[in-house]
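One structure below.
Just so you know, residue 1 is the first one in the sequence shown, and it goes up from there. Heavy atoms only: backbone and side chains are in, while hydrogens, waters and symmetry mates are out. From a predicted model like this one, the values you see are computed outputs, not experimental measurements.
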Amino acid sequence: VAHLARGIEMRCLRWAAGPAGLAGARWCSGLSSALSRRIELFEQLQIARTPPAEGAIRARVRVGTVDPVEVTSATGTPRDLLKRAKVKGKVAAVQVDGHLWDLNTPVPPNSVLAPLFADSHAPDVAAAMAHSAAHVLGAALEALHPGILLTNGPGHADGKFFYEGCVDRCDPAQRAVGAAELKALEAHMKRLVRADHPFERIEVAEGEAREVFADNPFKQHYITQAVDRAPEGPISLYRCGPFVDLCRGPHVASTGLLKGVTLLSANSHVWDSATLAEVGWSMDSARGTEGAAEGVGGEGSGGGAEMQRVHGVALHSGEALVEWRRQQKELAERSHRTIGTQQELFMMHPVSPGAPFFLPHGTRILSRLKQYLHKKYAEQGYDEVMTPSVFSKALWQQSGHWDHYDEDMFFVSDSGHSLQPTAADGEGGVVLEKGLKPMNCPAHCLIFNHRPRSYRELPVRIADFSALHRNESSGALSGLTRVREFHQDDGHVFCAPEHIFTEVQNCLSVIREAYGLFGFEYTLQLSTRPDPFLGSAEVWDQAEARLREALDSTGERWTVDDGGGAFYGPKIDVTLRDALGRHHQTATIQLDFQLPTRFDLSYTDEHGESQRPVIVHRALLGSLERFFAILCEHTAGKWPLWLSPRQVVVCSVSAQHAERAREVHRALMAAGIHADLECGDEPLGRRLRRVRPMRHNYTVVIGDTEVESGAVTPKARGAEEGAPVPLAQFIADLHAEQDQVL
């Protein structure tokens, strides 16, 4: 009876939803037989899996810091449990025993539920909303581009999402997605949002999933991946209105929560047959469905698969979308690419993709960053070293990178030709003997081990700014934030276990000072022992205890990612928040029990016995190139004086004041101040407007008063005119302001 009632209920809901709801029905005109069949199979599987009620589900609901309320529900769904707990507000998702959960999926008995509100700005909420919006986009693509074969549609914590599909089977007139098509897709999505379709989840067996997606070879591939990940586990499917997809979830409760959805762009590309073969996809037929992929990879796509990818963003309200657009405009103005071009800080060139060229003014900023770090290194007893960029195969085999990190490395053959990292040793008669270093730790292990060490020397602290190389894919490269060549404020501490607390505490102290200096807020997270792990549980427990003590000593809040550590040691991650509210993971403090064993590192203790040291990997700013980009956008190119590549601009009012302007400029340069001179024939106002994008810290205009008095009247950036001061006093004030940092 329950199963029959559920079937009647679903059909009534579909009729009540109107045209949008009917889009998924078999009797809806224009829907392909494959999509109709998919809906029918989902309904049959859903009814078969709806168990009869066997009593109420008891759970506890916690909102914020309030004590949890105990409630019961016959359905056991979070939506019903929250309703019975009288939770107010627009709930987008829920955490069940700490795990993100669907509102419409029953929970285990005696669970603890914590609602996540749509306007909370929590990353989990943003990701769930974006992922749900991707499904709505998938429904629109299938409705407006008949024949499209969807691949995947992820959502991200910044609210952005996309869905990609193969359009080879579409009518040629419906393959492209331009401005008009984007507008039509967005309008269709908004109709589905207004229909407020629930997101429904079922779990099925492999064969059932393959039957549901018998027409789509791409989904067949994802089913194979799911089975490979969890051979005994079920496969989950989701439905929202007319759309059924293969998905792990979770999703928001219904499409009606996606009030602030808009599409941003679309792009097309072709997956050639070689690329398809690399990922193991057969385009000739779906797995077990002869001829189901007919037309894919055919004429017009050169034997590959023509793809369309549509991008969008999802927020909880129209007001939030308006604010997001305002932020995007500000972000475009703050873009480090834009500012880097305006201020001539760096450039890129196709002859070396992913490797930035830092121009003189950008190099000034990097030099000041290093100068600040050198000061901190000296205070904490670090010794700076310089290490080679190319190492033999033997080192990378010893460190483990040759076997586990090869896809991200650049290799060099004995003939001097660089090779792709996927080339195998000895393949084609070429022997790979050397690799460009992607990190400094193996070289620092060699330095530590180049002579016997005593416990009296510990901790040994080594810092290194050497260039590092990682073979990022061309599609992943992005300005200075994702590059192939970069420099890192890399440091390693070789210490005894009893030193861990002090060394980590010192790192956290520098992070607090440095990030405060730059005006960043930040959060700390401890990642603990995973499974499997290297070493003994006792050593891990002791190390984690030292990290917890160090974190507690900061007086700041911190969180725990249970089981999120690397297999070779626990770590602390630092995530900063910039002026636009974006989060960037930057600093890392990582304990390592593996490399000391791989490199047979040792020191002699006070009893004359050999002991194994622990390595503390630490990077305070991370990649200097990436931090440069973050800081550029955080400050909008308005660099603080100590870091500024253009500290003062001296402008003459007219030609008769030019000589005095030159004298002032020479005096500033002689004093080590980065000063520019503007003495052209153009009107003063035009020259000032031209140099405004350079964001000088001070502007000094030389007119009659300055020529007669010999003084200068510096105007600070963004401030009103200052008072006249002697030139020597102005220079002394500039030095004093810089000396507070350097």
Side-chain angles (χ1 to χ4, degrees), residues 343-345 358-380 384 465 489 510 512-520 620-621 624 627-628 631-632 634-652 657-679 688 691-703 705-742:
Q343 298 186 2
E344 295 186 359
L345 303 178
F358 276 90
L359 304 176
H361 292 88
T363 303
R364 289 177 183 177
I365 296 172
L366 285 178
S367 297
R368 285 299 178 93
L369 281 175
K370 290 181 181 179
Q371 185 179 348
Y372 173 76
L373 291 169
H374 286 147
K375 178 183 177 182
K376 298 294 113 181
Y377 289 169
E379 292 173 357
Q380 295 201 337
E384 187 175 352
F465 286 107
D489 64 325
V510 175
R512 180 172 61 250
E513 178 184 329
Y515 285 36
L517 175 65
F518 296 122
F520 290 123
L620 305 180
L621 305 183
L624 295 185
F627 194 82
F628 183 108
L631 195 58
C632 183
H634 177 68
T635 63
K638 299 175 181 177
W639 305 96
L641 181 72
W642 70 274
L643 201 58
S644 178
R646 294 181 176 87
Q647 296 170 320
V648 181
V649 59
V650 181
C651 302
S652 60
H657 310 110
E659 184 54 37
R660 176 56 182 165
R662 293 188 184 95
E663 292 175 3
V664 172
H665 178 256
R666 285 195 295 269
L668 291 167
M669 294 290 287
I673 304 300
H674 298 314
D676 294 332
L677 179 64
E678 283 289 335
C679 286
L688 290 175
V691 301
R692 188 175 298 154
M694 303 304 173
R695 278 87 158 179
H696 292 87
N697 300 81
Y698 292 93
T699 300
V700 174
V701 176
I702 305 298
T705 302
E706 287 74 23
V707 170
E708 293 171 3
S709 66
V712 293
T713 307
K715 177 182 178 296
R717 182 178 57 213
E720 300 296 330
E721 291 288 346
V725 296
L727 177 58
Q729 182 61 50
F730 178 49
I731 292 174
D733 291 343
L734 292 174
H735 284 156
E737 188 175 342
Q738 292 186 87
D739 291 345
Q740 292 178 0
V741 178
L742 300 175

Is a side-chain donor or acceptor of [X] paired with a backbone partner of [Y] at a separation under 3.5 angstrom?
X: Glu344; Y: Leu359; value: no
X: Lys370; Y: Ile365; value: no
X: Arg368; Y: Trp642; value: yes
X: His696; Y: Ala675; value: no
X: Glu706; Y: Gly703; value: yes

Distance in Å, [X] [atom1] paired with [Y] [atom2], rounded so as to fall on 0.5 Å steps:
X: Thr635; Y: Leu643; atom1: OG1; atom2: CG; result: 8.0 Å
X: Phe627; Y: Cys632; atom1: CZ; atom2: SG; result: 12.0 Å
X: Asp733; Y: Glu737; atom1: CG; atom2: CD; result: 8.5 Å
X: Leu366; Y: Arg364; atom1: CG; atom2: CZ; result: 13.0 Å
X: Leu677; Y: Ser652; atom1: CG; atom2: OG; result: 7.0 Å
X: Cys651; Y: His657; atom1: SG; atom2: NE2; result: 13.0 Å

One pair to check against side chain to side chain contact (heavy atoms under 4.5 Å, CB included): Lys375 and Gln371. What are the steps and the verdict?
CA-CA 6 Å; Lys375 178 183 177 182; Gln371 185 179 348; over 6 Å; no
Measure across [X] and [Y] and return the closest heavy-atom pair with its distance rounded to 0.1 Å.
X: Phe358; Y: Thr363; answer: O-OG1, 3.3 Å
X: Ser644; Y: Asn697; answer: OG-OD1, 2.7 Å
X: Leu621; Y: Asp489; answer: N-OD2, 2.8 Å

Verify side chain to side chain contact (heavy atoms under 4.5 Å, CB included) between Leu641 and Gln738, making sure each step is shown before the conclusion.
CA-CA 7 Å; Leu641 181 72; Gln738 292 186 87; 3.9 Å; yes
Near-ring test Trp639/Phe518, centroid separation under 6.0 angstrom:
no
Can the ring centres of Phe520 and His634 be said to be less than 6.0 Å apart?
yes
Verdict with reasoning, Gln343 to His361, per side chain to side chain contact (heavy atoms under 4.5 Å, CB included)
CA-CA 8 Å; Gln343 298 186 2; His361 292 88; over 6 Å; no
Heavy-atom distance under 4.5 Å between the side chains of [X] and [Y], does that happen here?
X: Thr713; Y: Val725; answer: no
X: Asp676; Y: Val650; answer: no
X: Gln647; Y: Leu734; answer: no
X: Pro714; Y: Val648; answer: no
X: Pro645; Y: Leu345; answer: yes
X: Met669; Y: His674; answer: no

Look at the rings of Tyr698 and Phe730 and say which category their plane angle falls in: under 30° parallel, 30 to 60° tilted, over 60° perpendicular.
perpendicular
Can you name the side chain to side chain donor-acceptor pair (under 3.5 Å) partners of Gln380, sequence neighbours left out?
none
Show your reasoning for whether side-chain hydrogen bond (donor to acceptor under 3.5 Å, both in side chains) applies to Glu384 and His374.
CA-CA 8 Å; Glu384 187 175 352; His374 286 147; 2.7 Å; yes
N-O pairing of Arg646 and Glu678 below 4.0 Å
no
State which residue, out of Arg666, Arg660, His665, fulfils the side-chain hydrogen bond (donor to acceptor under 3.5 Å, both in side chains) condition with Glu663.
Arg660
Evaluate the side chain to side chain contact (heavy atoms under 4.5 Å, CB included) criterion for residues Val649 and Val700: first the C-alpha distance (whole Å), next the side-chain angles of each, then the deciding distance (0.1 Å), finally the verdict.
CA-CA 6 Å; Val649 59; Val700 174; over 6 Å; no
